[in-house]
Amino acid sequence: MNSVGEGCTDLKREYDQCFNRWFAEKFLKGDRSSDPCTEMFKKYQSCVQKAIKEKDIPIDGVEFMGPDKEKPDS
Amino acid sequence: MVKYFHCVGLLKNSWDQVCLAFWERYPNPYSNHVLTEDIVFREVTPDNCLLSRRLLTKTNRSPRWAEKFLPKQMARHAYIIEDSIVDPKNRTMTTLTWNITHARLMSVEERCVYVVNPDNNNWTEIKREAWISSSLYGLSRAIQEFGLARFKTSVTKTMKGFEYVLSRMQGETPSKTLAETATEKARKTALAAKEKAKDLTSQAQKKQYV
């Protein structure tokens with residue numbers, strides 16, 4: 001699947017592959033040894049976060065698991 | 001006013017498999033409306049839960065009748081946030097999905113809880129709830145109805161997409177989608193017609209020589 005940042009797709013795919021393996025083989029089995037994908041994630045994030053800023057995607061300050069419970073009236 | 005919807009879905013796969021498929025669900029033949037997918041936040045908590053935020057770009061289809069009320073240059077796509085918590089100890093995955101653009105026009109918030117099916121531990125149950133609202137003056141009720149109908153269709157697609165990805169992960173050939181079957185049928189018909197045309201041509205040529 002493509003990244004929202006056109007130049008980030010390769011970094012994303014590399015990370016996704018690493019993550020899927022870690023998730024299946026370590027995380028779900030309760031293995032808490034260190035995450036081998038950290039570096040890839042950092043590289044991917046610096047690319048995608050830049051793209052989010054450039055495209056003005058309003059994601060800043062959005063609380064985790066929390067869309068506005070009160071519906072806006074304006 | 002907010003429209004509320006809830007339903008329970010069943011996947012005949014284990015909870016672990018469903019969680020894996022959750023991260024590998026795009027693209028699939030039922031997700032043509034999903035244009036991009038990114039992880040923008042990820043963290044493992046001290047009690048070993050995985051928190052993730054996924055950012056999705058989806059096509060933004062408005063109802064025909066509403067188009068004249070909407071801004072002319074309205075973006076053709078919408079941004080969606082999907083937050084999730086995977087708790088491997090309690091075998092629960094909770095997701096919360098909502099649109100962060102066009103929210104005044106229509107806001108769709110969906111909460112899903114994935115648990116092990118109590119009757120069959122190899123199956124997974126999805127409890128789905130959705131809240132659909134609109135703040136567009138005078139049209140909110142009609143838009144909510146539209147949103148609810150569209151949401152129901154998208155639930156069917158989501159489940160089909162999940163089943164497709166799950167069977168692909170297990171090395172099975174996923175059952176063909178309708179579009180694929182139709183394309184194949186058309187291709188066969190075209191091929192048969194071509195063969196027949198060849199036959200006729202060669203027959204005609206033979207006749208010329210007689």
Side-chain angles (χ1 to χ4, degrees), chain A residues 1-9 11-35 37-38 40-53 55-74, chain B residues 1-2 14-17 19-28 31 34-44 46 48-57 77 79 81 83-86 88-89 91 94-101 103-104 107-111 131 133-135 140 169:
Chain A
M1 200 67 207
N2 286 343
S3 167
V4 72
E6 288 80 6
C8 311
T9 299
L11 290 170
K12 169 193 150 49
R13 289 197 180 145
E14 202 181 329
Y15 167 71
D16 276 350
Q17 240 175 18
C18 182
F19 169 80
N20 287 336
R21 182 169 230 177
W22 169 82
F23 185 75
E25 293 171 9
K26 306 268 179 178
F27 180 75
L28 283 183
K29 293 183 177 155
D31 183 341
R32 292 194 195 194
S33 57
S34 67
D35 177 356
C37 315
T38 318
M40 280 180 214
F41 187 64
K42 270 188 200 157
K43 274 190 203 157
Y44 165 40
Q45 285 308 295
S46 70
C47 187
V48 76
Q49 296 295 345
K50 211 171 122 197
I52 287 172
K53 281 208 175 73
K55 287 173 194 265
D56 264 334
I57 304 173
I59 202 170
D60 255 2
V62 179
E63 207 183 315
F64 187 72
M65 295 297 272
D68 294 333
K69 289 286 176 212
E70 288 163 53
K71 305 294 167 200
D73 52 6
S74 60
Chain B
M1 279 294 288
V2 178
S14 71
W15 184 83
D16 283 38
Q17 285 167 333
C19 285
L20 279 168
F22 179 74
W23 300 119
E24 295 182 42
R25 65 204 274 215
Y26 301 124
N28 69 64
S31 71
V34 180
L35 305 174
T36 74
E37 174 215 21
D38 281 283
I39 295 294
V40 294
F41 168 78
R42 184 160 265 159
E43 194 180 286
V44 179
N48 215 31
C49 284
L50 178 74
L51 315 183
S52 310
R53 170 167 286 177
R54 189 148 55 175
L55 170 71
L56 301 164
T57 316
H77 53 252
Y79 292 111
I81 285 184
D83 285 348
S84 59
I85 303 173
V86 185
K89 206 170 121 212
R91 298 173 49 96
T94 310
T95 67
L96 197 70
T97 311
W98 73 100
N99 57 308
I100 52 169
T101 49
R104 202 175 78 81
S107 146
V108 180
E109 190 184 323
E110 179 198 53
R111 185 173 188 267
W131 294 265
S133 60
S134 170
S135 311
S140 62
M169 277 169 47

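Computed from a predicted model, the values in this text were never measured in an experiment. A, B, ... follow the sequence lines: proteins, then strands. Residue 1 opens every chain.
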note = Heaviest contributor of heavy-atom pairs below 4.5 Å to chain A, chosen from B:Ile81, B:Thr97, B:Thr57, B:Thr101, is B:Ile81
ask   = Parallel, tilted or perpendicular: which fits the ring planes of A:Phe27 and A:Phe23, with parallel below 30° and perpendicular above 60°?
value = parallel
request  = Against chain A, work out which of B:Val44, B:Leu56, B:Ile100, B:Asn48 has the most heavy-atom pairs shorter than 4.5 Å and name it.
outcome  = B:Asn48
remark   = Bottom line for B:Arg42: the part with an atom under 4.5 Å from chain A's heavy atoms is both
ask   = Between A:Lys55 and A:Glu6, is the closest basic N to carboxylate O distance under 4.0 Å?
value = yes
Partner chain A: residue of B:Asp83, B:Val40, B:Val34, B:Leu51 with the largest heavy-atom pair count (under 4.5 Å) = B:Asp83
message = How close do A:Val48 and A:Cys8 get, counting heavy atoms only, and between which atoms?
response = N-SG, 3.6 Å
ask   = With a 4.5 angstrom heavy-atom cut-off, which part of A:Glu63 approaches chain B: side chain, backbone, both or neither?
value = backbone
query = Contact part of A:Val4 toward chain B, heavy-atom cut-off under 4.5 Å: side chain, backbone, both or neither?
reply = both
query = Regarding B:Arg54 and the six-membered ring of B:Phe22, is the cationic atom NZ or CZ under 6.0 Å from the ring centre and inside 45° of its axis?
reply = yes
task = Output all residues satisfying ring-ring contact (aromatic ring centres under 6.0 Å, His included) with B:Trp15, sequence neighbours left out; order by chain, then residue number.
result = none
query = Of all of B:Leu50, B:Asp16, B:Leu35, which one pairs up most often with chain A through heavy atoms under 4.5 Å apart?
reply = B:Leu50
task = State which residues pass side chain to side chain contact (heavy atoms under 4.5 Å, CB included) with A:Met40; sequence neighbours excluded, sorted by chain then number.
result = A:Glu14, A:Tyr15, A:Cys18
message = With a 4.5 angstrom heavy-atom cut-off, is it the side chain or the backbone of A:Ile52 that approaches chain B, or both, or neither?
response = side chain
request  = Examine the side chains of B:Asp38 and A:Tyr44 and answer whether a donor and an acceptor come within less than 3.5 Å of each other.
outcome  = yes
ask   = For the side chain of B:Thr36 and the backbone of A:Asn2, is there at least one donor-acceptor N/O pair under 3.5 Å apart?
value = no
B:Ser52, part contacting chain A, at a heavy-atom distance under 4.5 Å = backbone
ask   = Does any heavy atom of chain A fall under 4.5 Å from the side chain of B:Gln17, the backbone, both, or neither of them?
value = neither
message = Among A:Arg32, A:Gln45, A:Lys29, which residue has the highest count of heavy-atom pairs closer than 4.5 Å to chain B?
response = A:Arg32
Which atoms of B:Tyr26 approach chain A - backbone, side chain, both or neither, heavy atom under 4.5 Å = both
